[in-house]
Chemist: 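I'd like to ask some things about the structure below.
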Amino acid sequence: MTMQNTVMVVDDEVMVTAALRSFLELETSYRVLGYTSARAALDALQTESVDVIVADFMMPEMDGITFLKAARDSRPLTSRVLLTGYADKENAIRAINDAGLYYYLEKPWNNDHLRLVIRNGIERSSLFNELDSRVAALESAHMELHGVRRRLLQAFR
Amino acid sequence: MRSDAPADAGFDDPLADRVNEARLATLGLLVAGLVHEINTPLGAINSNHDVLRRALGKLQDILADEVVEPHELDEVRRIVRAVDGILRVNDLAVERMRGLVSNLRNFGRIDGSGTDMADLHEGIDSTLAILAHELRPISVVKEFGELPRVPCRPQQVNQVFMNLLMNARQATPDGGSITIRTARLGDAVQVQISDTGAGIPSGQLGRIFEPGFTTRDGRIGMGLGLAICRQIVDRHGGRLHAASEPGRGATFTLHLPLVQPPRIEETVQRSPDRTEASHDEANSDTR
């Protein structure tokens with residue numbers, strides 16, 4: 001374990017962010033960032049590196065789907081999870097495909113399930129990150145090879 | 001000071017029947033809203049209960065050999081921190097549920113159909129609580145002034161608040177706001193409900209209080225309709241009118257007198273021209 005994973009929790013109800021924080025801090029070693037404002041959370045994403053975002057659906061400033069779509073723009077590799085009350089379920093499910101979310105959880109949530117979803121989300125994000133850095137490494141190796149080839153051709157011309 | 005005279009019973013009174021119909025619809029909304037509202041504190045307590053059990057299990061494990069190793073102290077401190085957080089959340093959750101029950105009780109108390117000296121702020125707050133779920137995507141601004149108690153039928157007046165607030169909600173896109181202002185103006189009180197919606201086209205402004213007027217096809221009417229709202233207000237010897245600039249929202253203004261005519265329930269039948277006067281007023285607001 002070289003790096004502490006970070007989970008961002010966004011819900012306009014401090015009860016929810018605090019309950020999730022208590023659970024995650026007791027049972028995992030994740031760093032937990034809790035926000036009751038979607039806008040503040042988006043601001044934080046400009047500087048914070050986050051592995052998984054768990055966001056409520058019904059929020060006053062913007063709904064969870066809008067928030068998670070905006071979060072994708074600044075952190076495309078982060079796994080995004082929607083947490084919904086049952087009353088919003090239909091709307092939420094319809095919007096999930098549109099926003100390309102990783103998972104959706106219903107309130108009241110089950111802690112073990114939540115932990116599993118977050119753990120898998122972290123794994124997924126780190127795989128994407130690894131893929132991303134491997135692709136970048138391949139690209140730079142390719143560029144390097146290209147340069148070597150050009151130099152070789154010039155040398156033997 | 002209730003006056004439950006037989007005339008208040010509402011027999012042969014179409015308005016009372018429609019108020020009752022609307023109250024049933026309100027009850028449905030109340031239940032739906034309550035189910036959703038209670039889900040948040042319930043979810044928090046449900047999770048916390050589970051975390052407390054886990055915390056206890058961890059503490060029992062640490063204490064099992066009856067010796068707390070120095071390295072285990074950090075773990076104990078972590079558990080204590082988690083339990084502390086949990087207790088604070090549970091305080092909030094219990095407080096929220098207490099508030100929900102209190103709103104319900106309040107709603108039940110003011111549910112009588114008789115005349116009472118009502119605290120309009122209480123009525124507005126109670127109505128907002130019922131609509132909390134509906135109103136969540138928009139912000140509600142309260143600019144309450146000092147109001148004396150108002151002689152009225154709280155059940156009916158709250159139904160007017162409910163209707164005006166639902167109209168405002170439906171007119172306001174998510175992210176918008178509704179502002180509720182109250183003030184005493186001489187021997188009357190004024191309640192204004194403004195929204196940041198699309199507004200009412202000037203051609204429609206004069207017609208919105210007409211019976212059966214609607215711009216929402218196929219919507220299940222949970223309210224009374226503005227025509228009935230105005231009838232209720234007229235019966236109280238008050239006034240209800242609307243002003244709007246298209247694109248800049250609408251404002252509904254309600255005046256209720258602090259001194260009621262002796263039998264408010266008969267006012268409409270005795271002075272039909274009152275309705276006419278109010279209509280003219282609404283039209284004069286079309287600017």
Chemist: Have a look at B:C229 and tell me which of B:V157, B:N167, B:V160, B:L254 forms a side-chain contact (heavy atoms from CB on, under 4.5 Å) with it.
Modeler: B:V160
Chemist: After noting the C-alpha distance and the side-chain angles of B:Q192 and B:T253, does the key distance pass the side-chain hydrogen bond (donor to acceptor under 3.5 Å, both in side chains) rule?
Modeler: CA-CA 4 Å; B:Q192 279 191 317; B:T253 305; 3.1 Å; yes
Chemist: Contact between A:T28 and A:F23 at the side-chain level, heavy atoms closer than 4.5 Å - yes or no?
Modeler: no
Chemist: Pick one of side chain, backbone, both or neither for B:N48, based on which atoms fall under 4.5 Å of a heavy atom in chain A.
Modeler: side chain
Chemist: Which word best sums up how the rings of B:F144 and B:H121 line up, parallel for under 30°, tilted for 30 to 60°, or perpendicular for over 60°?
Modeler: parallel
Chemist: Which answer fits B:R96, side chain, backbone, both or neither, if we ask what part of it has an atom under 4.5 Å from a heavy atom of chain A?
Modeler: side chain
Chemist: Tell me, for A:D12 versus chain B, whether the close heavy atoms (under 4.5 Å) come from the side chain, the backbone, both or neither.
Modeler: side chain
Chemist: Can you tell which of A:E27, A:R21, A:M62 has the highest number of heavy-atom pairs within less than 4.5 Å of chain B?
Modeler: A:E27
Chemist: Which atoms of B:S47 come close to chain A, meaning under 4.5 Å heavy atom to heavy atom: side chain ones, backbone ones, both, or neither?
Modeler: both
Chemist: Apply salt bridge (charged side-chain N to carboxylate O under 4.0 Å, His left out) to B:D50 and list each qualifying residue two or more places apart in sequence or on a separate chain.
Modeler: B:R54
Chemist: With a 4.5 angstrom heavy-atom cut-off, which part of A:E25 approaches chain B: side chain, backbone, both or neither?
Modeler: backbone
Chemist: Quick one: are A:T17 and A:V10 in side-chain contact, heavy atoms under 4.5 Å?
Modeler: no
Chemist: Which one wins on heavy-atom pair count under 4.5 Å against chain A: B:G43, B:P41, B:G175?
Modeler: B:G43
